[in-house]
Amino acid sequence: MVEHQDPALAELVAGTADDVWRFTEATGREQALTYARKWIRDADPDVREVGFMVLGRVALNHPPALEELLDHAEAGCSDVDLRVRVAVAQALGNQSGEQRCVPFLLRLLDDADVEVRQIAVGGLPIVLDDPTADDPAVTALVGLLADQEPTLRDWAAFALGSQLDVDSPQIRAGLRSLLSELDTDTAEACPAAEAAVGLARRADPEVFTTVADRLTRPDPTSLWLSAAAELADPRLLPALLRLRAPDNEPDDPWVEQLEHAIARCTAGPMDDDGTYQTSPRSR
């Protein structure tokens, strides 16, 4: 790696993302932007990576930095170095509600590296501002529900199912298609569980059977408990109550989610006026 004359830069190149963020805070946004402008043009990809990391952080609350990021996003998306493209994807995906980041993130969905694509998927719901069902970004996310990579299906299901409120027959059909992966969910990728939560949030009638079935199997994850809580269907109570155990720790997040699901299914679903129904929702 190139020897850098600036000791601060050398430390940042050798450091972590937290080091970069602390540097940015300590330096101040104007000076940090001055450094970033220089670093993103450097011949050394390690320096370009740091430059885009700094630029993305400053852009969160400094419009000139956001404009700089957008001006150089095209070059960043095309960078030959993977770590630079990762930094660019992260910088763009952190700009909450900034629609101008969307075209670049959509481009990064076609990146050769799965990590870049995953970061781009995760960033789209953050930069989107109340999208419609026919928004190109929503269409792209629906398409990713059928991607060959499980982690991308997982992230797309999370984005459409839990992060965005947009609804359409295409979205529901895409989420339903993932329910068949119930037996292949892993700790690293669980598209079926994410899809179940998304469908439960939309009170989709086809998800009840899948959630009820999963609750009777060993060790349902907290996502399935979340889906049960979203459904708030008293018919799920017997299966949920059987998950209570003497050795359950009250402050364990899984146990807290279980108790939340039990409480929701005991109360039943809410009417539009915010009051709980006394009988299961008509399906």
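Reckoned from all heavy atoms, side chains included, excluding hydrogens, waters and symmetry mates.
Looking at D19 and E11, their side chains never come closer than 4.5 Å, going by heavy atoms from C-beta outward. When side chains are defined from C-beta on, T186 does not count as touching P150, because their heavy atoms never get closer than 4.5 Å. Looking only at side-chain heavy atoms (C-beta outward), T132 and V166 stay at 4.5 Å or farther from each other. Annotation: side chain of D213 is in contact with side chain of T216 (closest heavy-atom distance under 4.5 Å). Side-chain contact between P131 and L164 is present, with heavy atoms from C-beta onward closer than 4.5 Å. Taking 4.5 Å as the limit, some side-chain heavy atom of W39 sits within range of a side-chain heavy atom of L12. No side-chain heavy atom of V127 sits less than 4.5 Å from a side-chain heavy atom of L92. In this structure the side chain of Q257 reaches within 4.5 angstrom of the side chain of H260, judged on heavy atoms.
Side-chain atoms of E249 do not come within 3.5 Å of backbone N or O of D251 as any donor-acceptor pair. A side-chain donor-acceptor contact under 3.5 Å links S177 to the backbone of G174. R107 places no side-chain N or O within donor-acceptor distance of the main-chain N or O of D111, the cut-off being under 3.5 Å. The main-chain N or O of A193 is found under 3.5 Å from a side-chain atom of D185 such that the two form a donor-acceptor pair.
When the shell of 6.0 Å around CG of N61 is examined, it contains more than 12 heavy atoms from other residues, nucleotides or ligands.
Of the inter-residue distances, the one linking L55 atom CG with L66 atom CG reads 8.5 Å to the nearest 0.5 angstrom. Note that the NE2 atom of H62 and the CD atom of E67 stand 11.0 Å from one another [nearest 0.5 Å]. M53 CE to I40 CD1: the interatomic distance, rounded to the nearest 0.5 Å, is 14.5 Å. From F104, atom CZ reaches atom SG of C77 across 6.5 Å, with rounding to the nearest 0.5 Å. In this structure, CD on E259 lies 9.5 Å from CG on L240, to the nearest 0.5 angstrom. Atom-to-atom distance recorded for L199:CG and L179:CG is 5.5 Å, nearest 0.5 angstrom.
Under the rule for a side-chain hydrogen bond (donor to acceptor under 3.5 Å, both in side chains), the partners of D79 that lie at least two apart in sequence or sit in another chain are R48. The side chain to side chain contact (heavy atoms under 4.5 Å, CB included) search around Q31 returns T27, T34, Y35, not counting sequence neighbours. Residues that satisfy the side-chain hydrogen bond (donor to acceptor under 3.5 Å, both in side chains) test with Q95, not counting sequence neighbours, are absent from this structure.
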Take K38 and D42 through the salt bridge (charged side-chain N to carboxylate O under 4.0 Å, His left out) test and state the conclusion after the steps. CA-CA 7 Å; K38 175 183 176 182; D42 199 276; over 6 Å; no
For R202 and D204, run salt bridge (charged side-chain N to carboxylate O under 4.0 Å, His left out): C-alpha distance rounded to whole Å, both residues' side-chain angles, the deciding distance at 0.1 Å, then the answer. CA-CA 5 Å; R202 293 161 174 79; D204 189 89; over 6 Å; no
Please step through side chain to side chain contact (heavy atoms under 4.5 Å, CB included) for the pair N248 and L243, ending with a clear verdict. CA-CA 9 Å; N248 281 356; L243 294 173; over 6 Å; no
With side chain to side chain contact (heavy atoms under 4.5 Å, CB included) as the test, would you mind laying out the steps for W224 and T210 before giving the verdict? CA-CA 10 Å; W224 292 103; T210 302; 3.9 Å; yes
If you apply the rule side chain to side chain contact (heavy atoms under 4.5 Å, CB included), what do you find for L70 with C101, and how did you get there? CA-CA 7 Å; L70 293 169; C101 293; 4.0 Å; yes
Pair R29-E68, salt bridge (charged side-chain N to carboxylate O under 4.0 Å, His left out): steps then yes or no: CA-CA 13 Å; R29 62 189 190 182; E68 190 78 19; over 6 Å; no
CA sep, side-chain torsions, deciding dist, call: W155, L144, side chain to side chain contact (heavy atoms under 4.5 Å, CB included): CA-CA 9 Å; W155 278 89; L144 285 169; over 6 Å; no
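In terms of heavy atoms, L178 sits closest to A192 at O-CB, 3.3 Å. Residues A120 and L105 come closest through the heavy atom pair CB-O, 3.6 Å. Here the closest non-hydrogen pair linking I262 and L237 is O-CD2, 3.8 Å. Shortest non-hydrogen contact noted between D44 and D46 is OD1-N, 2.9 Å. Listed here is the closest heavy atom pair of L223 and V197: O-CG2, 3.3 Å. Contact detail for S168 and A133: the closest heavy-atom pair is CB-CB, 3.7 Å.
Salt bridge E206/R172: absent, no basic N to carboxylate O contact under 4.0 Å. Salt bridge absent: R85 and E49 never bring a charged side-chain N and a carboxylate O closer than 4.0 Å. Classification of D71 and R37 as a salt-bridged pair fails, no side-chain N sitting under 4.0 Å from a carboxylate O. Under the 4.0 Å criterion applied to side-chain N and carboxylate O atoms, E25 and R57 are assigned as salt-bridge partners.
Linking Ile, Leu, Val, Met, Phe, Trp and Tyr residues whenever their side-chain heavy atoms come within less than 4.5 Å places I119 and L106 in a single cluster. Linking ILVMFWY residues whenever their side-chain heavy atoms come closer than 4.5 Å, directly or via other members, leaves W21 and I126 in distinct clusters.
Residue pairs meeting the salt bridge (charged side-chain N to carboxylate O under 4.0 Å, His left out) criterion with at least one member in residues 114-135, sequence neighbours excluded, are R83-E115. Here salt bridge (charged side-chain N to carboxylate O under 4.0 Å, His left out) pairs that include residues 189-198, with residues two or more places apart or in two chains, number zero. Residue pairs satisfying the salt bridge (charged side-chain N to carboxylate O under 4.0 Å, His left out) criterion with at least one member in residues 141-166, sequence neighbours excluded, are listed as follows: R153-E181, D165-R201.
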